[in-house]
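Report on the structure given below.
Note that these values count all heavy atoms, side chains included, but never hydrogens, waters or copies made by symmetry.
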Amino acid sequence: MDHAVFYSEPMVLRFDSYENRIAKGKIQAVCYRTPFQFDSMDHLFMIMDDVLDSIHFPRREGNLRHLEVSRRNGGKKSIFRRISQDEYIGNEWKSTDISGFHGQMTIVVNRREHSSMQGMLVMNGERTNFRSALELMHMFHEYLDNRFALGR
């Protein structure tokens, strides 16, 4: 009998701006002492995925596929590389205490299946499950469209 192992990884998220529908802010992973700054929604999701990879969070179907280029000797090489935590942070953040990071919402990733992530979004005590990163992105935009609407 195959027993599933339950994993979860919480991350605290704060949106600082939404000018021209481009989300910017910070995300704090519990496993890292320093928050990551993001400059767009795709940047946010790449940071989240990199954090999960760095802690070896399971990906059920195996590794993601990558664009590859052929080498002269017939082998293949990925044209991309993973970005380290230091490249995201730069020298902007010196904080070493997660308690000083007050987020707007918490994202709890429970699984990574079908090249996406599934979990729960917690905001103001309300919990909403998400089935994919795309669904989570729609939730973020819905929240941001209302929070940063003109006149608010």
Open item on the list: Could you go through Met41 and Ile22, starting from their C-alpha distance and side-chain angles, then the distance that decides it, and tell me whether this counts as side chain to side chain contact (heavy atoms under 4.5 Å, CB included)?
Closed with: CA-CA 7 Å; Met41 197 71 73; Ile22 298 173; over 6 Å; no
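Under the side-chain contact (heavy atoms from CB on, under 4.5 Å) rule, Leu13 has a single partner from Ile107, Thr106, Leu121, which is Ile107.
Contact check for Lys24 versus Tyr18: no side-chain heavy atoms found under the 4.5 Å cut-off. Side-chain contact between Met48 and Leu136 is present, with at least one heavy-atom pair separated by less than 4.5 Å. Counting heavy atoms from C-beta outward, Val122 and Met105 have side chains that stay 4.5 Å or more apart. With contacts defined as side-chain heavy-atom distances shorter than 4.5 Å, the pair Met11/Val51 qualifies. Considering only heavy atoms from C-beta on, Arg59 comes within 4.5 Å of Asp53 through its side chain. Within the 4.5 Å cutoff, the side chain of Cys31 has heavy atoms near those of the Glu9 side chain. Two residues are said to be in side-chain contact when any heavy atoms from C-beta on lie closer than 4.5 Å; Ile27 and His43 fail this criterion. Here the side chains of Asp16 and Arg14 are in contact, with some heavy-atom distance below 4.5 Å.
Separation of the His138 and Phe130 ring centroids does not fall under the 6.0 Å cut-off.
For His141, the NE2 atom counts as densely surrounded, since its 6.0 Å shell holds more than 12 non-hydrogen atoms of other residues, nucleotides or ligands. In Arg127, the CZ atom is not crowded: 12 or fewer heavy atoms of neighbouring residues, nucleotides or ligands sit closer than 6.0 Å.
Counting only distance, with no hydrogens or angles, the side chain of Arg111 and the backbone of Gly119 share no donor-acceptor pair below 3.5 Å. Under the 3.5 Å distance criterion, the side-chain polar atoms of Ser116 are matched with a main-chain donor or acceptor of Ala133. At distances below 3.5 Å, at least one donor-acceptor pair connects side-chain atoms of Gln28 with backbone N or O atoms of Tyr32.
Ile47 and Gln37 make their closest contact through CD1-O, 3.6 Å (heavy atoms, listed as atom of the first residue, atom of the second, distance). The two residues Ser8 and Val108 make their nearest non-hydrogen contact at CB-CG1, 3.8 Å.
Ring geometry for Phe15 versus Phe38: interplanar angle over 60°, hence perpendicular rather than tilted (30 to 60°).
The distance from the CG atom of Asn129 to the CG atom of Asn110 is 7.5 Å, given to the nearest 0.5 Å.
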